[in-house]
Amino acid sequence: MSNYDQRWTTVKVEIEEGIAWVTLNRPEKRNAMSPTLNREMRDVLEVIEIDEEARVLVLTGAGQSWSAGMDLKEYFREVDQAPEAFQEKIRRDASAWQWRLLRMYAKPTIAMVNGWCFGGAFSPLVACDLAIASETAIFGLSEINWGIPPGNLVSKALADTVGHRRALEYIMTGDTFTGAQAAEFGLVNKAVPLELLRGETLTLAKKLAAKNPVVLRAAKHGFKRCRELTWEQSEDYLYAKLDQAQLRDPERAREKGLKQFLDEKSIKPGLESYKP
């Protein structure tokens with residue numbers, strides 16, 4: 001087990017059994033994302049991405065919240081009167097980790113939503129590959145109540161996951177919904193009782209950690225990119241990712257998998273994957 005506890009002030013990182021547990025660590029502020037947290041999370045993601053000990057990243061929050069969104073005081077009020085160039089930097093730091101890095105991250109990512117998830121927190125939530133929430137977690141877009149439209153890519157995140165009508169309903173009303181509803185809407189993969197949340201997340205993380213990392217990365221990147229391409233562009237791109245995975249894979253997973261399935265008959269389709 002390795003840790004980076006002393007490196008950052010607003011983020012806690014622990015790596016155990018191939019899983020990097022990244023915790024937004026401002027519980028007194030419900031893990032609201034401040035300019036400092038945004039800068040540190042950018043560094044965290046870049047460091048873990050090249051840490052060979054970490055095969056999967058789990059993003060969660062300290063205390064009873066995942067994240068209450070952007071820190072209204074530090075991110076808005078204290079920045080509103082700053083020079084325009086400084087405001088642009090603050091926004092760039094937020095976008096850098098909340099979706100630019102996280103969305104196409106080199107390693108599989110899981111959002112473990114333990115409590116409040118509000119506003120700007122929807123961007124990293126949807127940028128993560130998979131998400132598991134507590135049934136009692138509370139989700140909401142309260143910006144409309146503070147005279148602020150949803151910022152960053154929150155609207156895009158909702159449109160891509162919960163659909164047109166439902167996204168607008170919560171954007172325009174500021175109403176909240178639970179983790180159980182989030183699973184029903186497709187915003188998260190699964191909702192479980194809070195006491196089972198870490199165990200469920202750990203089980204999923206271990207399953208991902210056992211997969212071939214090169215092939216897994218090509219598969220998830222291919223899916224995310226092709227959603228934005230035409231059918232013809234997707235065909236070219238996905239075949240290119242297939243070829244790239246074969247060239248970059250030191251385990252030669254395709255060759256071994258075909259041998260085990262066709263020659264050794266040791267793989268049962270749908271029940272067991274190839275053995276490295």
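This structure is a prediction, so every number in the text was calculated from the model and none was measured.
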When you measure from the side chain of [X] to the backbone N and O of [Y], does any donor-acceptor pair fall under 3.5 Å?
X      : Y      : answer
Glu49  : Ala106 : yes
Thr173 : Asp175 : yes
Ser34  : Leu37  : yes
His221 : Tyr105 : yes
Trp21  : Glu16  : no

How far does [atom1] of [X] sit from [atom2] of [Y], to the nearest 0.5 angstrom?
X      : Y      : atom1 : atom2 : value
Asn189 : Leu130 : CG    : CG    : 5.0 Å
Ser234 : Arg227 : OG    : CZ    : 11.0 Å
Ile48  : Leu101 : CD1   : CG    : 11.5 Å
Lys107 : Asp51  : NZ    : CG    : 5.5 Å
Gln98  : Leu153 : CD    : CG    : 9.0 Å
Met70  : Ser123 : CE    : OG    : 8.5 Å

Next on the checklist: I'd like to know whether Arg42 forms a salt bridge (Lys or Arg N to Asp or Glu O under 4.0 Å) with Glu40, so could you lay out the CA-CA distance, the side-chain angles of the two residues, the decisive distance to 0.1 Å, and finally the verdict.
Outcome noted: CA-CA 5 Å; Arg42 180 176 184 172; Glu40 292 190 343; over 6 Å; no
Checklist entry - Passes salt bridge (Lys or Arg N to Asp or Glu O under 4.0 Å), Glu228 versus Arg103? Steps please. => result CA-CA 14 Å; Glu228 302 162 356; Arg103 180 171 171 268; 2.4 Å; yes
Item to check | Pair Phe118-Thr176, side chain to side chain contact (heavy atoms under 4.5 Å, CB included): steps then yes or no | outcome: CA-CA 9 Å; Phe118 275 73; Thr176 62; 3.9 Å; yes
Side chains of [X] and [Y] in contact at under 4.5 Å (non-hydrogen atoms):
X      : Y      : result
Val11  : Thr23  : no
Ile144 : Ile171 : no
Leu59  : Leu102 : yes
Phe139 : Gln181 : no
Thr60  : Leu24  : no
Arg225 : Met104 : yes
Pro124 : Trp99  : no
Thr36  : Thr9   : yes

Next on the checklist: Between Met41 and Leu45, does the side chain to side chain contact (heavy atoms under 4.5 Å, CB included) criterion hold? Intermediate values first, please.
Outcome noted: CA-CA 6 Å; Met41 271 302 303; Leu45 292 180; 4.1 Å; yes
[X] and [Y]: side chain donor to acceptor below 3.5 Å:
X      : Y      : answer
Trp8   : Asp43  : yes
Ser134 : Asn114 : no
Asn31  : Asn25  : no
Thr109 : Asp129 : yes

Pick from [options]: which one makes a side chain to side chain contact (heavy atoms under 4.5 Å, CB included) with [X]?
X      : options                : value
Thr201 : Thr203, Leu204, Leu197 : Leu197
Asn212 : Glu251, Arg252, Arg217 : Glu251
Val162 : Arg166, His164, Arg165 : Arg166

Next on the checklist: Pair Ile110, Leu208 - check side chain to side chain contact (heavy atoms under 4.5 Å, CB included), show working.
Outcome noted: CA-CA 10 Å; Ile110 304 171; Leu208 296 177; 3.9 Å; yes
Next on the checklist: If you take the centroid of each ring, where Trp contributes its six-membered ring, are Tyr170 and Phe177 closer together than 6.0 Å?
Outcome noted: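 Yes - the distance between ring centres of Phe177 and Tyr170 falls below the 6.0 Å cut-off.
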Item to check | Option from Glu200, Glu135, Glu184 for which salt bridge (Lys or Arg N to Asp or Glu O under 4.0 Å) with Lys190 holds | outcome: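 The residue from Glu200, Glu135, Glu184 that satisfies salt bridge (Lys or Arg N to Asp or Glu O under 4.0 Å) with Lys190 turns out to be Glu200.
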